[in-house]
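To keep things clear, I will list the structure first and then write my remarks on it.
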Amino acid sequence: MDERGIRKRLVQKGFTDFQIKVLIATYRIPKGKTATYKDIAKRIGHPHAYRAVGSVLKINPLAPTVPCHRVIKSDGSLGNFSSPGGTRRKMQMLKAERAI
DNA sequence: TTCCTGACGCTCG
DNA sequence: GCGAGCGCCAGGA
């Protein structure tokens with residue numbers, strides 16, 4: 001699925017512009033790389049909305065197409081992960097992608 | 001409309 | 001170097 005498809009689905013689900021921007025920015029993180037919540041916030045033009053970024057990722061309806069597991073905290077720790085398996089699963093996925 | 005909550009970051013002691 | 005407290009922003013009740 002490409003970026004346009006993702007945006008379309010999110011619009012259909014009634015997501016706000018802010019939420020869509022967050023998920024698109026997350027989708028753009030290349031495989032094998034990670035980004036911080038702060039990075040995402042900065043990328044969408046709301047450098048102080050890092051907390052809201054987490055709120056959006058929590059309800060990510062397009063996992064794993066939108067790789068929310070690639071978003072980590074700025075201190076290098078994983079933060080949280082709401083999908084089944086939790087942070088352990090998140091760690092495994094990142095290792096599988098050689099992101100960490 | 002207002003208040004509360006949250007997958008966080010930064011500053012200060 | 002470490003922990004606590006405060007600030008930020010958006011969404012939901």
Side-chain angles (χ1 to χ4, degrees):
Chain A
M1 189 189 299
D2 65 355
E3 197 173 302
R4 290 166 60 98
I6 291 175
R7 180 181 292 273
K8 190 175 176 181
R9 287 215 183 179
L10 294 174
V11 170
Q12 285 173 346
K13 287 178 179 291
F15 274 61
T16 65
D17 191 53
F18 176 80
Q19 292 172 318
I20 293 172
K21 282 180 179 173
V22 169
L23 292 172
I24 292 290
T26 305
Y27 172 73
R28 285 178 178 163
I29 303 172
K31 185 178 181 179
K33 297 275 187 177
T34 57
T36 64
Y37 293 97
K38 194 179 176 182
D39 285 336
I40 300 295
K42 204 184 297 181
R43 215 168 289 183
I44 64 174
H46 294 263
H48 298 292
Y50 33 73
R51 200 160 184 185
V53 169
S55 301
V56 176
L57 295 182
K58 184 170 62 173
I59 58 171
N60 172 17
L62 296 179
T65 303
V66 174
C68 56
H69 61 280
R70 289 181 196 148
V71 183
I72 61 176
K73 292 176 59 166
S74 61
D75 64 1
S77 61
L78 295 183
N80 266 303
F81 193 58
S82 62
S83 293
T87 51
R88 287 177 64 91
R89 182 73 193 280
K90 183 172 182 174
M91 172 103 64
Q92 288 174 352
M93 293 171 80
L94 290 174
K95 281 184 178 175
E97 295 181 2
R98 306 229 185 275
I100 57 175

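Chain letters run A, B, ... following the sequence lines, proteins first, then strands; residues in each count from 1.
Here the straight-line distance linking atom CG of A/D75 with atom OG1 of A/T36 works out to 10.0 Å at 0.5 Å rounding.
With A/E97 as the partner, the side-chain hydrogen bond (donor to acceptor under 3.5 Å, both in side chains) test is satisfied by one option alone out of A/K31, A/Q92, A/K33, A/R70: A/R70.
Among the atoms of the strands shown, base atoms are found under 4.0 Å from some heavy atom of A/S82. Across all strands shown, A/F18 has heavy atoms under 4.0 Å from sugar-phosphate atoms exclusively, and none from any base. Residue-level contact check: A/T16 touches the backbone only, with heavy atoms under 4.0 Å from sugar-phosphate atoms and none from bases.
A/R28 meets the salt bridge (Lys or Arg N to Asp or Glu O under 4.0 Å) test with A/E3; sequence neighbours excluded.
By the 4.5 Å heavy-atom criterion applied to side chains, A/I40 and A/V56 are not counted as neighbours. Side chains of A/M93 and A/R89 form a contact here, defined as non-hydrogen atoms less than 4.5 Å apart. Proximity of A/Y37 to A/V71: side-chain heavy atoms (C-beta onward) are separated by under 4.5 Å at one or more points.
Summarising the geometry, the separation between NZ on A/K13 and P on C/dG11 is reported as 17 Å, rounded to the nearest angstrom. If you take CG of A/D75 and C1' of C/dG3, they are 13 Å apart, rounded to a whole angstrom. Counting to the nearest Å, the P atom of C/dA10 and the NZ atom of A/K21 are 10 Å from each other. One interatomic measurement links the two molecules: CG of A/L10 to P of C/dG11, which rounds to 13 Å at whole-angstrom precision. Atom P of nucleotide C/dG11 and atom CD1 of A/I20 are separated by 10 Å, given to the nearest angstrom. Per the geometry, CG belonging to A/L57 stands 18 Å off P belonging to C/dC9, to the nearest Å. Rounded to whole Å, atom C1' of C/dA10 lies 10 Å from atom CD1 of A/I59. The NZ-P distance, from A/K42 to C/dC9, rounds to 15 Å in whole Å.
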Set out, line by line, the N/O atom pairs under 3.5 Å between protein and nucleotides 1-6 of chain B.
unit_1 : atom_1 : unit_2 : atom_2 : d
B/dG6  : N7     : A/R51  : NH2    : 2.9

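The side chain of A/H48 contributes no N or O atom lying less than 4.0 Å from OP1 or OP2 of C/dG7.
Of all the heavy atoms in A/I6 and A/Y27, the pair that sits closest is CD1-CD1, 3.3 Å.
Both A/H46 and A/Y50 sit near DNA chain C, but only A/Y50 has its closest nucleotide nearer the 5' end.
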